[in-house]
Amino acid sequence: MQKVSNTLTQKKEVLKPFDNAQGKKLRLFVCGPTVYDFSHLGHARTYIAFDMIVKYLKTKGYDVFYLQNITDIDDKIINRAKEKGVLPKKLALEFEKEYLKDMRGLKITSITKYARATDHIKEIISQVDRLLKKGFAYRIEDGIYYDISKFKNYGKLSRRTALQAEDSVSRIDDSVGKRNRGDFCLWKFSKTGEPSWPSVWGSGRPGWHIEDTAITEKYFGPQYDIHGGARDLIFPHHEAEIAQMEAISGKKPLVRYWLHTGFLTINGQKMSKSLGNFITIRDFLKNNSFRLLRLFVLKNHYRSPIDYTENEINAVKSQLERIDELIDKLQITNYKLQANSKFQIAKYEKEFYSAMDDDFNTPKALSIIFELINKTNSLISQNKLTKQGAKDILEFLKKIDGFFGFIFEGRTKEKIPEVVLKLSKEREKYRKEDLWKKADEAREKIKKFGYLIEDTKAGSKIKKI
Ligand code: AMP
């Protein structure tokens, strides 16, 4: 039974598809990027977490449709394009391409469909039109706005009253003619030189929140299963989505389960483009593998904040090495060791999956993997791991890597030079013949090539220094 924490109810609930008649079908929407710059590790944090969640749900037999929007029209895009002297459309397309490249680099492969805001203007206009007709929206000089006082439950996701919502207007569109301070823009009339689309109210462009409900209504209808994003989006963005779609359809809830990721921080501050304190995904990947980043992210619960420090990255590096070493050992030892042991993988599997079923508790699940690594290492050193035991462990690790994506995925086995392999064979031969001096000389020669020989019960192992 899969449980998820739901921001809307503030409870952990059993995940049940909205539409039972559809079997195990789940519709999931996650807010995508605003494409005006390179993506950073904060984005990676959120998108790796949802990649794991979707892939895990798929291994449990759910048929997940994962939809993500691309915000390719917005003030930030227009301003950055102006600074660079390019057209906003060109800038957005360029950074959309870079975003998709970064996602591929992180092996984020679970998204079923990406939907650009500008490809859904017709759907956006239709939503604004219905909101106007139903009396939830009004027109003023610079655009069409949503009247939050008309929506009875405004604030139900972020647990704010409409008044409190009005107080936190820092990220809500500013305009002198608004009825309530917290009202947000649905359609902005364009200024000269800005991108615009024709509408019956005058040419303009969509506001910040309406693109998401227009896109989800098109692909999922008025109600669906899961909505995700980082926690900064709870208010006003996700609150606004609820107000828009529930007002249009008269159906509630818009979404059954709201899942929010914690921030990736650096020196305690949210990593963000606007604060300028970010490390881009591609800069990180210049010196590190995507495996390191996936483990770094998944060591933490998706809802918890993560602080980025060099120390933590180094700690994760050595954990990854421990995993790699174990796989190396299992791959050489599985045909050598035949001893009897009462080792049972089932206990680890059971604990692992119950952690994952409990709101995707990856830190707990990973601590079980590290327990398994300790246990396996100790069995190997006592010559007690059976061939079957090694096979079972490898199979288990392969299976869970389908959603973790850092155990086998992208693991490059370094090719050991021929000369080192030859010297190692010679050394083995000398050892068997008790020619210890010669064996030591061979070991020294191997060292000069930058490799170490480690003698384990399972045989000799060559390691790069
Ligand atoms: P943006 O491109 O800023 O609209 O962000 C795209 C997605 O990444 C949204 O779900 C954001 O909430 C999320 N995000 C941005 N910065 C961070 C961060 N520092 N930590 C976690 N998620 C983030």
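Heads up: numbering here begins at 1 and tracks the sequence. Whatever order the structure lists them in is the order used to number ligands and atoms, beginning at 1.
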Reported [atom1]-to-[atom2] distance for the pair [X] and [Y], which is rounded to 0.5 angstrom:
| X | Y | atom1 | atom2 | answer |
| --- | --- | --- | --- | --- |
| Q344 | K350 | CD | NZ | 13.0 Å |
| L264 | S304 | CG | OG | 12.5 Å |
| F408 | I400 | CZ | CD1 | 9.0 Å |

So is [X] close enough to ligand 1, meaning a heavy atom under 4.0 angstrom away?
| X | result |
| --- | --- |
| C31 | yes |
| R231 | no |
| G32 | yes |
| L233 | yes |

Measure from the side-chain N and O atoms of D63 to the backbone N and O of L26, and report whether any donor-acceptor pair falls under 3.5 Å.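 No, because the side chain of D63 does not come within donor-acceptor range (under 3.5 Å) of the backbone of L26.
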If you count the atoms of ligand 1 from 1 in the order shown, which ones are under 4.0 Å from a heavy atom of H40?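 The list of qualifying atoms is 16 (N).
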Number the atoms of ligand 1 from 1 as they appear, then name those within less than 4.0 Å of a heavy atom of P33, with their elements.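 Ligand 1 atoms under the 4.0 Å threshold to P33: 2 (O), 6 (C).
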Does L264 approach ligand 1 within less than 4.0 angstrom via side chain, backbone, both or neither, non-hydrogen atoms only?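 It is both backbone and side chain that touch ligand 1.
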Is it the side chain, the backbone, both or neither of T34 that has a heavy atom closer than 4.0 Å to ligand 1?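 The answer is both, backbone and side chain.
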Atom NZ of K107 with >12 non-hydrogen neighbours under 6.0 angstrom: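 Enclosed: over 12 neighbouring heavy atoms sit under 6.0 Å from NZ of K107.
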